Amino acid sequence: MKNERLILVTNDDGYASKGLSAAIEVARPFGRVVAVAPETTQSGMSQAITMYNPLYLRKVREEEGVEVYSFSGTPVDCVKMAFDYLLREERVDLMLSGINHGSNSAVNVLYSGTMGAAIEGSFYGCPAVGLSLDDHSADADFEAAMRYGTQIVETLLSGPVELPLCLNVNVPVGRSEELRGIRLCRQNRGFWREEFYRHEDPRGREYFWLTGAFVNSEPDAEDTDEWALRNKYVAVVPVQTDLTDYGQLRNLRRSFPSACDSDPASRK
């Protein structure tokens with residue numbers, strides 16, 4: 001039955017964003033929806049949490065099967081508020097973060113408030129999905145993102161899935177019929193090169209605007225999220241929080257042999 005499931009929705013663009021409304025519509029057919037989203041835009045906040053300021057929660061909308069709350073913290077704060085306070089006595093079946101205005105492919109996953117919230121949600125024992133559309137415009141067309149988001153949510157809820165599970169889903173621009181389907185892939189290797197533009201305010205004080213460009217370190221690789229987006233596929237990347245570089249760990253054991261005593265494999 002519809003009300004047997006509980007779906008938590010959040011984002012980093014704010015409770016009033018078009019993307020959050022679209023995410024609620026994705027979740028609505030699968031059960032009761034509770035949305036807890038930031039009061040204001042919180043893009044680029046990654047895993048940030050609020051520790052030294054009070055936080056304010058208010059219910060902004062309620063209708064059959066849907067409750068929407070505004071919270072004055074970061075996206076991760078919103079997830080913690082939902083799981084540890086609002087829904088602490090209930091079982092959440094899936095968490096959906098988005099739909100983000102703009103791609104969170106490649107290294108953007110590390111900066112993204114959308115993905116920070118999704119990763120946080122995966123800590124609570126339910127599947128989590130960060131859903132983004134490769135379009136930053138305020139009036140972006142979310143039709144394709146909603147269609148593919150619905151397909152992915154339905155698949156995960158049909159289960160079983162192995163937990164923890166967090167998916168970084170990025171949808172290219174275009175109508176559903178223009179896209180080529182879902183592609184499971186890995187995170188593209190690349191980095192941002194920033195530029196700071198210096199200006200002066202009317203009082204002569206300098207200030208800066210940050211901009212930059214993404215540098216793709218492997219433009220010809222065909223198994224990455226960046227390639228998928230360029231070729232009109234919906235990119236799905238499972239992400240994890242273990243940032244250990246296991247290749248470098250093996251290299252460093254050769255450079256620091258005396259530091260390997262704590263590794264059982266080194267004593268074999």
Side-chain angles (χ1 to χ4, degrees), residues 6-24 26-27 33-60 67-133 136 149 152-153 156 163-170 187 192 210 237-244:
L6 173 59
I7 315 296
L8 172 64
V9 176
T10 191
N11 74 348
D12 70 356
D13 291 311
Y15 76 94
S17 72
K18 183 178 178 181
L20 186 78
S21 296
I24 290 172
V26 168
V33 178
V34 175
V36 183
E39 179 77 31
T40 58
T41 300
Q42 296 283 322
S43 296
M45 294 301 288
S46 187
Q47 300 288 143
I49 57 174
T50 303
M51 298 177 64
Y52 302 109
N53 293 300
L55 295 168
Y56 299 93
L57 178 74
R58 65 187 179 94
K59 182 182 288 187
V60 295
E67 299 171 45
V68 181
Y69 294 85
S70 167
F71 196 45
S72 62
T74 67
V76 170
D77 288 332
C78 291
V79 175
K80 290 180 178 293
M81 164 56 68
F83 278 103
D84 296 328
Y85 181 77
L86 277 178
L87 306 175
R88 64 182 179 275
E89 303 297 333
E90 302 187 64
R91 178 180 180 272
V92 176
D93 293 279
L94 183 137
M95 204 213 80
L96 178 61
S97 182
I99 300 172
N100 190 64
H101 294 251
S103 167
N104 280 313
S105 60
V107 72
N108 293 314
V109 69
L110 297 178
Y111 303 110
S112 166
T114 298
M115 285 308 300
I119 291 168
E120 186 70 24
S122 72
F123 297 161
Y124 287 87
C126 68
V129 178
L131 181 58
S132 304
L133 175 66
H136 287 275
I152 290 167
V153 167
L156 295 181
L163 300 175
L165 176 66
C166 181
L167 300 182
N168 183 15
V169 179
N170 288 280
Q187 179 182 321
W192 282 88
L210 171 65
V237 179
V239 300
Q240 62 182 10
T241 56
D242 183 356
L243 299 181
T244 306

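Keep in mind it's a predicted model, so treat the numbers as computed, not measured.
- Heavy atoms only, all atoms of each residue included: Ala37 and Asn11 are closest at CB-OD1, 3.4 Å.
- Arg88 meets the salt bridge (charged side-chain N to carboxylate O under 4.0 Å, His left out) test with no other residue; sequence neighbours excluded.
- A distance-only check finds a donor-acceptor pair linking the side chain of Thr74 to the backbone of Ala48 [under 3.5 Å].
- With hydrogens and angles ignored, the 3.5 Å screen pairs a side-chain donor or acceptor of Thr10 with a backbone N or O of Val36.
- Nearest heavy-atom pair across Ser72 and Pro54 is OG-O, 4.0 Å.
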**Request:** Kindly indicate, with the supporting measurements, whether the criterion side chain to side chain contact (heavy atoms under 4.5 Å, CB included) is fulfilled by Cys126 and Leu94.
**Result:** CA-CA 5 Å; Cys126 68; Leu94 183 137; 5.6 Å; no

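- Annotation: side chain of Pro38 is in contact with side chain of Pro75 (closest heavy-atom distance under 4.5 Å).
- The shortest distance between side-chain heavy atoms of Tyr69 and Val60 does not fall below 4.5 Å.
- Scanning both residues, Ala118 and Met95, for their nearest heavy atoms gives CA-CE, 3.6 Å.
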**Request:** Run the numbers on Ile152 and Val169 for side chain to side chain contact (heavy atoms under 4.5 Å, CB included), then give the verdict.
**Result:** CA-CA 9 Å; Ile152 290 167; Val169 179; 3.7 Å; yes

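- If you take CG on Asp77 and CD on Glu120, they are separated by 9.0 Å, rounding to the nearest 0.5 Å.
- Counting only residues at least two apart or on different chains, the ring pair (Phe, Tyr, Trp, His ring centres under 6.0 Å) pairs with a member in residues 108-127 are Phe83-Tyr124.
- Here the CE-OH distance, from Met81 to Tyr56, works out to 12.5 Å after rounding to the nearest 0.5 Å.
- Residues Asn53 and Thr50 have side chains that never bring a donor and an acceptor to within less than 3.5 angstrom of each other.
- From Thr241, atom OG1 reaches atom CD of Gln47 across 8.5 Å, with rounding to the nearest 0.5 Å.
- If you check the side chains of Ser105 and Ser103, you find a donor sitting under 3.5 Å from an acceptor.
- Interatomic distance, CG of Leu131 versus CE of Met115, reported as 10.5 Å (0.5 Å rounding).
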**Request:** List the steps and the verdict of side chain to side chain contact (heavy atoms under 4.5 Å, CB included) for Leu167 and Val237.
**Result:** CA-CA 6 Å; Leu167 300 182; Val237 179; over 6 Å; no

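- For the pair Asn168 (side chain) and Val109 (backbone), a donor-acceptor distance under 3.5 Å is absent.
- For Ser122 against Pro164, the heavy-atom pair with the smallest separation is O-CB, 4.0 Å.
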**Message:** Test side chain to side chain contact (heavy atoms under 4.5 Å, CB included) on Phe71 and Glu39; report intermediate values, then the result.
**Reply:** CA-CA 5 Å; Phe71 196 45; Glu39 179 77 31; over 6 Å; no

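- In this structure a side-chain-to-backbone donor-acceptor pair under 3.5 Å is present from Asp93 to Leu6.
- A distance of 12.5 Å separates CG in Asp13 from NZ in Lys18, rounded to the nearest 0.5 Å.
- Looking at Leu96 and Leu8, their side chains never come closer than 4.5 Å, going by heavy atoms from C-beta outward.
- Each of Glu90, Glu89, Arg91 was scored for a side chain to side chain contact (heavy atoms under 4.5 Å, CB included) with Leu87, with one residue passing: Glu90.
- Between Ala117 and Val76, the shortest heavy-atom distance links the atoms N-CG2, 4.1 Å.
- Between Ser132 and Thr114, the closest heavy-atom pair is OG-CG2, 4.3 Å.
- For the atom pair CD (Glu67) and CD1 (Ile24), the distance works out to 11.0 Å, reported to the nearest 0.5 Å.
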